[in-house]
Amino acid sequence: MYQKILIALDMSKMAEMVFNHGLSLATQEKNSQLLLLHILSGEEENSPLPVPPDLREMYPAAGNDLTLETWKEQWQAFETSGNEMLASYQKKAIEKEIRTDYKQIYGNPGSRICKIANEWQADVIVIGHRGRSGLEEFFLGSVSNYVLHHAHCSVLIVQSN
């Protein structure tokens, strides 16, 4: 049914649940393959936000920790954590004898997920939904909602508990 399964992951608590749903789909079909995808974005909950250089002047009580160098170090740690997460999930899938690759790229999560899924010719995208609703979703948007309405293929949205 699904040969090419793209699993869109972030570094939230529900990432493992999303991965497990995608892995379950892959184990049901011979010769299926996974693409684990993490989009590096300032929109992700755990990402370091850019710090304007004059912020230290506006908030001197914050100390000298708010520098561009500090932000670069935090961003590098964020990238490294993303790669480690993807490699860990890849290892679990390979142990189940499922061909698995991973990719970590920069950009807007919704549009990048759809673009990669289209280029890779995915049969299905597995993605999580954090449960934003109402005004929060209106102002902040929802990656899963964007993907659902713009993807060229089927989308499986995993709900948070």
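We number each residue from 1, following the sequence as shown.
When the side-chain hydrogen bond (donor to acceptor under 3.5 Å, both in side chains) test is applied to Glu119, the partners found at least two apart in sequence or on another chain are Lys115. In terms of the ring pair (Phe, Tyr, Trp, His ring centres under 6.0 Å) criterion, Tyr102 has no residue partners (sequence neighbours excluded). The side-chain contact (heavy atoms from CB on, under 4.5 Å) check on Asn108 picks up Glu43, Ser111, with sequence neighbours excluded. Applying the side-chain contact (heavy atoms from CB on, under 4.5 Å) criterion to Ser81, with sequence neighbours excluded, gives Met11. Take His149 and apply the ring pair (Phe, Tyr, Trp, His ring centres under 6.0 Å) test, not counting sequence neighbours, and it matches no residue. For Ser41, the side-chain hydrogen bond (donor to acceptor under 3.5 Å, both in side chains) criterion is met by no residue, not counting sequence neighbours. Qualifying side-chain contact (heavy atoms from CB on, under 4.5 Å) partners for Glu73, counting only residues two or more places apart in sequence or in other chains: none. Lys72 meets the side-chain hydrogen bond (donor to acceptor under 3.5 Å, both in side chains) test with no other residue; sequence neighbours excluded. Under the side-chain contact (heavy atoms from CB on, under 4.5 Å) criterion, Gln3 pairs with Glu29, Asn31, Asp123, not counting sequence neighbours. When the side-chain hydrogen bond (donor to acceptor under 3.5 Å, both in side chains) test is applied to Ser12, the partners found at least two apart in sequence or on another chain are Asp10.
Shown here for Ser32 and Ala26, the closest heavy-atom pair between the two residues is OG-O, 2.7 Å.
Ser47 places a side-chain heavy atom less than 4.5 Å from the side chain of Trp75. Contact annotation: the side chain of Leu6 approaches that of Ile113 to within less than 4.5 Å [non-hydrogen atoms, C-beta and beyond]. Looking at Leu37 and Leu9, their side chains never come closer than 4.5 Å, going by heavy atoms from C-beta outward.
Among pairs with a residue in residues 11-21, those fulfilling salt bridge (Lys or Arg N to Asp or Glu O under 4.0 Å) read Glu16-Lys92, at least two apart in sequence or across chains. Listed by first and then second residue, the salt bridge (Lys or Arg N to Asp or Glu O under 4.0 Å) pairs that reach into residues 101-113 come to none, sequence neighbours excluded.
Follow the hydrophobic side-chain contacts under 4.5 Å out from Tyr89 and you reach Phe78 in the same cluster.
For the atom pair NZ of Lys91 and OG1 of Thr100, the computed distance is 13.5 Å after rounding to the nearest 0.5 Å. Here the CD1-CG distance, from Ile5 to Leu156, works out to 9.5 Å after rounding to the nearest 0.5 Å. The line from CD1 of Ile125 to SG of Cys153 is 4.0 Å long, rounded to the nearest 0.5 Å. Taking CG of Asn83 as the reference point, atom CD of Glu79 lies at 7.5 Å (rounded to 0.5 Å).
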(request) Just do the side-chain contact (heavy atoms from CB on, under 4.5 Å) check on Gln90 and Leu36 with the steps written out, would you? (result) CA-CA 8 Å; Gln90 179 187 40; Leu36 310 177; 4.2 Å; yes
(request) Take Val124 and Leu25 through the side-chain contact (heavy atoms from CB on, under 4.5 Å) test and state the conclusion after the steps. (result) CA-CA 10 Å; Val124 64; Leu25 285 176; 4.3 Å; yes
(request) Kindly indicate, with the supporting measurements, whether the criterion side-chain contact (heavy atoms from CB on, under 4.5 Å) is fulfilled by Val158 and Ile127. (result) CA-CA 6 Å; Val158 179; Ile127 189 169; over 6 Å; no
(message) Quick one, Lys4 with Leu35, criterion side-chain contact (heavy atoms from CB on, under 4.5 Å). Give me CA distance, side-chain angles, the key distance, then yes/no.
(response) CA-CA 8 Å; Lys4 297 180 90 175; Leu35 177 59; over 6 Å; no
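Between the Gln104 side chain and the His38 main chain, no donor and acceptor come within less than 3.5 Å of each other. Within the 3.5 Å criterion, the main-chain N or O of Leu86 finds no donor-acceptor partner in the side chain of Ser88. No side-chain donor-acceptor contact under 3.5 Å links Ser24 to the backbone of Asn20.
Counting heavy-atom neighbours within 6.0 Å of Glu97 CD, excluding the residue itself, gives a total of 12 or less.
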